[in-house]
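The structure appears right after this line, and notes come after that.
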2 protein chains.
Amino acid sequence: MALNFHQLHIFYTVVDKGSFSAAAQALHMTQPAVTMQVQSLEDYFGTKLLHRSTKRIELTEAGRALLPYARQSIELIRETDAAMSRFTRQLKGRLQLGASLTIGEYILPRLLGPFGKEYPHIAISMKVMNTAQIMEEILNHQLNFGLVEAPVQHPDMHMEPVMNDELKLIAPASHPLAQRSEVTLTEAIRYPFVLREQGSGTRLVMEEQLKARQIDPRSLNIVMELGSTGAVKSAVEAGVGISFVSASSVKHEVALGLIKIVPLADAEFKREFYSIYLKSALLPISAVTFLTFLRERDLRQWL
Amino acid sequence: MALNFHQLHIFYTVVDKGSFSAAAQALHMTQPAVTMQVQSLEDYFGTKLLHRSTKRIELTEAGRALLPYARQSIELIRETDAAMSRFTRQLKGRLQLGASLTIGEYILPRLLGPFGKEYPHIAISMKVMNTAQIMEEILNHQLNFGLVEAPVQHPDMHMEPVMNDELKLIAPASHPLAQRSEVTLTEAIRYPFVLREQGSGTRLVMEEQLKARQIDPRSLNIVMELGSTGAVKSAVEAGVGISFVSASSVKHEVALGLIKIVPLADAEFKREFYSIYLKSALLPISAVTFLTFLRERDLRQWL
DNA sequence: CCTGGTTACGCCGCACGTAAGAATC
DNA sequence: GATTCTTACGTGCGGCGTAACCAGG
C-alpha cells in the first residue's frame, strides 16, 4: 500500500549487488522474496525500476531517479538508530558477537560487565574464534558483529577502530628516568614497576611485547599490582615505581608536572581493536547500542 | 521487527496533534491502533517516547530526540513520491477529487482529458461541491484533495496555488488602442473582438467580469471565435480584432512588437485556483502525480 | 543444460478494528 | 463520571519460504 523503507532497502541492495540473487543472499532472504518486493515497488510507482536480463540487471531512468532516495532512507534509518541508542536502557534483545582470542579472553569480559549493568535486558552471547571464522559467521548472519585485533578487508564488511592507543612508560617527576630524553627497554626494566594485575588487558599487552623481545615478564621487578589505572597513577605519582599506561589517561598529571612520559627508544606497546559488521544489513538496534557504548565510553578505564 | 516509516509517521502525528485520539482521527484509524504502533516503537528503542496523562501527552527526552528524525522521514517519503511522480505512467489507482462549481464545470473537464491520455490507468472521480463541503470531505478522508477558486485557511489543510494569472487586453500593433497608455473597459468593448469559444475558462472569466460591471456579454462585437489560444493570438496579430489572453502566453509576440498589451484602467480579469489537501496524511502517489501534472504543465493552453 | 528471475501456493505473523478495562481529573 | 489511553481478542492481509516454471546464453 504505502511506500516503506524495507522495500527501498531491498531495491538498493539489488542495485548495489548487481543481481536479485546476490541481494537475497546479502539480506539473507530467498530470491523470490526479493523479486516480490521489487515488483511491489514497481507497482507502487507505476513504472519499471530495473531492466532484467538473465545475465545482468540495469537501472531504468526511474530506477536511477529512485536510487539516491533509497540510499538516503537507509542512511536516515542508520542515523536514527544511532541517535536513539543513547536512550535504549530498557532494550530487550539478544546480541551474538564473535571475538578473537585475546579480546575474548582479556578485553570483552571487562566490557560486558559495565554494559550489562546499563542494559540488563540485552542478552549477549559471545563466541571466541579466529578472525577468519568470525568473518565467515558474520557473512552467514550467524553473528551480528565481531571484534578483532587487526584491521581486515572485505568488500561486504564495515570496519571501525574501536580502540587504538599506545601504552607509554611513565615515571614520577622525581625519578632518575624522568629527565631522560630517551630510554631503552632493557634499561627501563631494571627499575621497580607498579602494574595492573595479571589478566588485565594492559598487563597482557605489556607482557606480550616483552616476550616478543625475549624478555621474561617474570624478570620484572614488580613492587605493586593494582586493580585500576587510577590506583596505578597514584602509586607512580607517590614514587612507588614506574609503569605503563595509556597516554590519554595521564594527560592531566603530565600537564601538572606530577608524572613524566619517558620516550622508549626501541619498543612500542600498541593496543588496538576493531569492530566489524556487514555493510548491507541494517544492524539491530541492540547492536547499534553496543557499538555506541564502545565508541563513547573511555574503554581504557576498565582495561 | 525493524524500524519502519509508518510508525514514525504515527508517532509524529501524535506529537503534532497532541493526543493519541486526535492522531487516530487525523490518520483515520482507531485509537487503539495508534497506541499499539507507538508502543511498538517504544519497544523497538527500549525507551518511552511519551509521558501519557489523561489530559495531555508530553515528550520524553528520547521522544524529543526522535521527533526530528520522524519529521525527516516523512519529508523524505514526500520528496521521493514527488520525484518519482514523473515516471508513473503505468500507475493504477483511483483518485477522488472535489471541485468547486466553476472549476468542475469549465476547468477540470479540460484538464482531465490530457491527464487521462498520459495516465490511462488512473481512474478519477470528481465531485462538484461548494468549498465548505469539499473541505469537510477532505477532512473525513472521503476525498483525496480538492480544487477551489479562492484561498482557504484551515490548520489541517495544505493549500497550493495551481494557477494564478490575469487576462490582459491585447491588440495588434497597428490598432488604434495600441498606442494608448490606458483604456477603460467600456471604451475597449466597442472594438471588434476575437475570443475563445463559449465554455472555455478564458471566455468564462471574461463574461463574469463583464456581468459584474453590468455589461451584457452579448453586447460584445465578436467577429471570430476560436478553439485555442494560439489561434486567437494569430488572429489578433493579423488584425482581425482585439482579445483577452494570459499575459504569459503573448510574451513572445509582445517582445517582437507584433502585439501590444493595453492596460485597462478599471477592470481586472483574474483567474485563479488552488489545490487543497490534508497536511497530516501522505497523499497516495496517484494524487502526487496529479498535482505534479497540475504544477508542471502550462494549464493555460487548455483553458 | 545451467544460471537467474518469475509464478504459484500455503503458512505465519503483524496490523487493525471491536469491545471491554483502567486511570486520571 | 467523562475523557483518554491500554488491554484483549478475533480477523484478514501481506511477506516470505518452498517448489515448480520460464527465459537467455
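Naming: A, B, ... by sequence-line order, numbering from 1 per chain.
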Requested in this report: Find the distance L27(B):CG to dC16(C):C1' and express it as a whole number of Å.
Outcome: 13 Å

Query raised in the report: Whole Å only: how far is the CZ atom of R56(B) from the P atom of dC25(C)?
Result: 9 Å

**Report entry** Contact summary for Y44(B) and I285(A), nearest pair of heavy atoms
**Finding:** O-CG2, 3.2 Å

Query raised in the report: Which listed nucleotide (dA19(D), dA15(C), dT18(C)) is nearest to the side chain of P32(B)?
Result: dT18(C)

Query raised in the report: Quick one: K55(A) NZ to dC1(C) P, roughly how many Å, whole number?
Result: 17 Å

Query raised in the report: Could you give the CD-to-P distance, from Q37(A) to dG5(C), as a whole number of Å?
Result: 16 Å

Requested in this report: Could you tell me whether D16(A) and R71(A) make a salt bridge, using a distance below 4.0 angstrom between a side-chain N and a carboxylate O?
Outcome: no

Query raised in the report: Where the side chain of H141(A) meets the backbone of A26(A), is there a donor-acceptor pair that is under 3.5 Å apart?
Result: yes

Query raised in the report: According to a strict under-4.0 Å criterion, is S53(B) in side-chain N/O contact with OP1 or OP2 of dT24(C)?
Result: no

Query raised in the report: H6(A) side chain: which of dC16(C), dC5(D), dG15(D) is closest?
Result: dG15(D)

Query - Whichever of V34(B) and F20(A) has its nearest DNA chain C nucleotide further upstream toward 5' - result: F20(A)

**Report entry** Euclidean distance, atom CD1 of residue I10(A) to atom C1' of dG17(D) [Å, nearest integer]
**Finding:** 14 Å

Report summary line: Nearest-nucleotide check on DNA chain D, S19(B) vs T30(A); residue mapping nearer the 5' end is S19(B)

Query raised in the report: For R52(B) and dA23(C), is the shortest distance between a side-chain N/O and OP1 or OP2 below 4.0 Å?
Result: no

Query raised in the report: Is there a side-chain polar atom (N or O) of Q31(A) under 4.0 Å from OP1 or OP2 of dG5(C)?
Result: yes

Requested in this report: Round to the nearest Å and state the distance from E42(A) atom CD to dG5(C) atom P.
Outcome: 13 Å

Query raised in the report: How would you label the contact of M29(B) with the nucleic acid (heavy atoms, under 4.0 Å): base, sugar-phosphate, or nothing?
Result: sugar-phosphate

Query raised in the report: Is a side-chain N or O of R89(A) found less than 3.5 angstrom from the main chain of G46(B), in a donor-acceptor match?
Result: no

Report task. Tell me whether the OP1 or OP2 atom of dT7(C) has a side-chain N or O from Q39(A) closer than 4.0 Å. Result -> yes

Query - Atom-pair distance (CG on L50(B); C1' on dC5(D)), nearest Å - result: 12 Å

Query - Near-ring test F87(B)/F45(A), centroid separation under 6.0 angstrom - result: no

Query raised in the report: Can you tell me how far C1' of dG4(C) sits from NZ of K17(A), to the nearest Å?
Result: 17 Å

Query raised in the report: Which part of the nucleic acid does S21(A) contact within heavy-atom distance under 4.0 Å: base, sugar-phosphate only, or nothing?
Result: sugar-phosphate

Query raised in the report: With sugar-phosphate meaning primed atoms plus P, OP1 and OP2, does S40(A) contact a base, only sugar-phosphate, or nothing at under 4.0 Å between heavy atoms?
Result: nothing

